[in-house]
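What follows is one structure encoded as structure tokens, with my remarks underneath.
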Amino acid sequence: MEDYTAKQAIENLDDPPNSRLFVVTSRAMTEDALRDSFSVFGDIQGVWVVKDKQTKESKGVCYVKFAKSSQACLAMEEMHGKVLVEGTKPVKVFIAQSRSSNRHRDVEDEELTRIFVMIPKTFTEDDLKDTFKEYGDIEYCVIIKNKFTGESKGLGYVRYYKPSQAAVAIENCDKTYRAILAEPRTKNTVTEDYSSGPARGDYMGGNDSNNQYALPALPALPMADPGNYPVMDYRSTDYTRCLMMSTRAAMTQEQIFALFDIIPGMEYCELQRDSYGMSKGHALIRYGNLGSAVYAKDKLNGFEYPPGNRLVVTFVDDGEDRSSPVGRMAMQFVATQMMSSAWNGPSNSQVMKPPPFAAPAPMSRVQTDVSLPPHKKLAAPDSKSKERLFIVFSPTTLPPDILEDVFCRFGSLIEVHLVPGRKVGYIKYADKQCADDAMAALHGRVVNGVKMKVMLADPPREESHKRPRTY
DNA sequence: CGACGGGACGC
DNA sequence: CGACGGGACGC
């Protein structure tokens with residue numbers, strides 16, 4: 001990067017992000033007059049009136065740089081529409097487009113009023129609101145949850161009424177929330193689509209005149225003719241790409257994954273756990289197409305694995321629209337193709353992987369020469385970590401649920417973290433003694449054929465600057 | 001409609 | 001020998 005300084009200088013114009021105003025004003029406006037008008041809103045770091053290169057005359061647009069985004073937002077909210085020079089048009093005030101972005105659209109309030117935060121999984125939406133209301137009036141709070149289980153993903157959105165409120169929240173809330181401006185929702189909401197009714201928050205008020213659009217639009221929708229698809233009418237059933245598998249015997253994530261991965265097209269597989277990380281005997285599986293899911297359900301529902309344990313596989317509503325002709329044709333194509341390929345045939349298909357049934361099903365999932373204490377309850381997920389262990393596996397890493405099974409037995413286990421792509425991991429404990437006990441019992445020992453080095457972890461790395469903040 | 005200057009790191 | 005830091009909704 002030979003141009004490092006120049007690039008840096010340009011980026012500093014918007015550091016922190018959204019701290020610079022774009023002001024459309026009278027050509028008579030001077031930098032001093034601007035500074036006078038805007039300085040009451042915060043620390044001004046620079047004022048610049050854009051002038052024509054030749055004539056040196058103002059082009060009627062200016063930039064005002066503040067130290068903080070909240071100051072710029074407040075100035076925008078207060079000054080937009082004000083008449084600064086008698087007899088001239090009222091000024092327009094916007095947050096300036098970032099110098100490094102190439103957009104030619106005004107930055108809208110929509111993009112400046114919603115924040116995205118990381119929160120404890122135990123937080124309810126009321127907790128979220130209580131936490132963030134001190135920074136401004138909140139329009140709504142939403143927590144992102146697992147669509148099927150309703151479990152919080154530990155992420156939330158808070159929509160304020162004003163950009164300055166969102167900016168203040170980002171600047172002043174506890175750093176552990178990692179608050180940033182939320183990316184605007186992808187605009188999939190087609191305004192032409194009247195069939196699903198108006199979006200919840202988008203009522204204009206109880207205006208009856210809008211109703212004229214609701215009914216006539218319906219017949220215009222492309223309706224698939226079921227008669228064209230003689231195999232099955234998938235709309236009238238509950239076929240989906242998502243499956244739920246229930247088992248009464250203990251199964252690991254890896255076993256379930258291997259089982260459902262036999263059918264090509266699996267794109268998601270997760271063993272469901274309770275808040276203590278124990279398996280609930282359910283797993284969610286999603287395929288990239290309906291045909292694979294239909295086939296997997298057909299073949300694996302009632303299947304015995306481990307022997308004697310009958311798996312139950314059902315469809316789960318994935319909320320997707322399966323009525324489009326294209327989607328149905330694609331599904332039937334895949335389903336037909338797969339039904340015709342032999343399930344039990346020996347290696348007649350390149351896409352099929354060999355089933356994992358060769359290995360005997362483990363009755364106890366942990367084999368080790370260590371005499372392990374009985375299971376103990378996990379510590380609450382948001383417990384403070386008092387001691388962290390660093391594990392090195394050889395020759396390969398162990399699955400997380402096995403690790404949890406083993407390392408929870410010394411008490412106060414908070415979480416197991418495996419470093420993706422590396423044969424190492426971290427184990428967090430809420431109690432130092434428990435961690436030390438685990439280290440003493442397990443260092444150098446072998447679990448399921450995997451040798452582990454169990455050591456105290458080095459202190460966590462300091463503040464990383466990887467993530468570009470968007471405030 | 002109304003959008004981007006001047007200056008110039010420091011081993 | 002072997003090191004972490006995350007992040008996206010579905011009206």
Strictly below 4.0 Å, N to O, side chains only: are A:D137 and A:K133 in salt-bridge contact?
no

Closest nucleotide among C:dG7, C:dC9, C:dG2 to the A:I144 side chain
C:dC9

May I ask you to evaluate whether A:K53 reaches the phosphate of B:dG5, defined as a side-chain N or O under 4.0 Å from OP1 or OP2?
yes

Over all strands shown, is A:R20 touching base, sugar-phosphate only, or nothing at heavy-atom distances under 4.0 angstrom?
base

Side chain of A:V24 - closest among B:dG2, B:dC4, C:dG6
B:dG2

Taking for A:I143 and for A:V392 the nucleotide of DNA chain C with the nearest heavy atom, the one nearer the 5' end belongs to A:V392

What is the distance, rounded to the nearest whole Å, between atom CD1 of A:I180 and atom C1' of C:dG6?
11 Å

Can you identify which nucleotide, out of C:dA8, C:dA3, B:dC4, has its nearest atom closest to the A:D458 side chain?
C:dA3

Is A:R27 close enough to B:dG2 that one of its side-chain N or O atoms is under 4.0 Å from OP1 or OP2 there?
yes

Taken to the nearest whole Å, CD/A:E415 to P/C:dC4 is 15 Å

Among the nucleotides C:dG7, B:dA3, C:dC9, whichever has the atom closest to the side chain of A:R114 is C:dC9

Can you find a side-chain donor-acceptor pair between A:S26 and A:K89 that sits under 3.5 Å?
no

I'd like to know if A:R409 and A:E404 make a salt bridge, using a cut-off of under 4.0 Å between side-chain N and carboxylate O.
no

Enter syn or anti for the glycosidic conformation of C:dC1, syn applying to angles within 90° of 0.
anti

Let's see if you get this right: which residues in residues 449-457 of chain A place a heavy atom under 4.0 Å from DNA chain C?
A:K453, A:M455, A:A457

Please indicate yes or no: is the ring centre of A:F22 less than 5.5 Å from the centre of the six-membered base ring of B:dA3, with the two planes inclined by under 30 degrees?
yes

Is A:F390 stacked against the base of C:dG2, taking the criterion as centroid distance under 5.5 angstrom and interplanar angle under 30°?
no

Is A:V313 close to A:M244 at the side-chain level, that is, under 4.5 Å between some pair of heavy atoms?
no

Would you jot down, in residue-number order, the residues of residues 38-49 of chain A having a non-hydrogen atom under 4.0 Å from DNA chain C?
none

Rounded to the nearest Å, what distance is computed from the CG atom of residue A:L389 to the P atom of nucleotide C:dA3?
17 Å

Expressed as a whole number of angstroms, how long is the span from A:E387:CD to C:dC4:P?
19 Å

OP1, OP2 of B:dG5 versus side-chain N and O of A:R99: anything below 4.0 Å?
yes

Between atom CD1 in A:I170 and atom P in C:dG7, what is the gap in whole Å?
18 Å

Minimum side-chain heavy-atom gap A:F390-A:V424 below 4.5 Å
yes

Consider the side chain of A:V419, meaning its heavy atoms from C-beta on, and name the nucleotide among B:dA3, C:dG7, C:dC4 that approaches it most closely.
C:dC4

Distance check needed: B:dG2 C1' versus A:M29 CE, whole Å only.
15 Å

Salt bridge flag under 4.0 Å for residues A:K56 and A:D52
no

Which residues in residues 421-441 of chain A have a heavy atom closer than 4.0 Å to any atom of DNA chain C?
A:R422, A:V424, A:Y426

Using the rule given for salt bridge (Lys or Arg N to Asp or Glu O under 4.0 Å), can you reason through A:E111 versus A:R103, listing the C-alpha separation, both sets of side-chain angles and the distance that settles it, and then say yes or no?
CA-CA 14 Å; A:E111 307 165 54; A:R103 291 185 308 143; 3.6 Å; yes

Before accepting this row, confirm whether a basic side-chain N of the pair A:D14/A:R99 lies closer than 4.0 Å to the acidic partner's carboxylate O.
no

Just N and O in the side chain of A:K59: are any of them under 4.0 Å from OP1 or OP2 of B:dC4?
yes

Any side-chain heavy-atom pair from A:V64 and A:F22 closer than 4.5 angstrom?
no

To the side chain of A:R185, which of C:dC9, C:dA8, C:dG5 is closest?
C:dC9

Measure from NE2 on A:H443 to P on C:dC1 and round the result to the nearest Å.
16 Å

Near-strand residues of residues 79-96 of chain A, defined as heavy-atom separation under 4.0 angstrom from DNA chain B
A:K92, A:F94, A:A96

salt_bridge(A:E267, A:R241) N-O dist < 4.0 Å:
yes

Candidate nucleotides B:dA3, C:dC4, B:dG2, ranked by approach to the side chain of A:Q97 - the nearest:
B:dA3

Could you pull out all residues at least two apart from A:E31 that satisfy side chain to side chain contact (heavy atoms under 4.5 Å, CB included)?
A:V47, A:W48, A:V49, A:K51

Can you tell me which residue among A:V50, A:V93, A:T25, A:V91 is in a side-chain contact (heavy atoms from CB on, under 4.5 Å) with A:C62?
A:T25

With sequence neighbours excluded, what pairs up with A:T30 under the side chain to side chain contact (heavy atoms under 4.5 Å, CB included) test?
A:D32, A:A33

For C:dC9, does the glycosidic angle fall within 90° of 0 (syn) or outside that (anti)?
anti

Hey, does A:T122 have a side-chain heavy atom less than 4.5 Å from the side chain of A:D382?
yes

Measure the distance from CZ on A:R159 to C1' on C:dG10 and round it to the nearest whole Å.
14 Å

Quick one: label A:V23 by what it contacts on the DNA or RNA (base, sugar-phosphate, nothing), any heavy atom closer than 4.0 Å.
nothing

Which heavy atom of A:Y63 sits nearest to which heavy atom of A:R20, and what is that distance?
CD2-NH1, 3.3 Å

Run the ring pair (Phe, Tyr, Trp, His ring centres under 6.0 Å) test on A:Y157 and A:Y140 for me, step by step, so that the C-alpha distance in whole Å, both residues' side-chain angles and the decisive distance to 0.1 Å come before the verdict.
CA-CA 8 Å; A:Y157 295 100; A:Y140 65 78; 8.4 Å; no

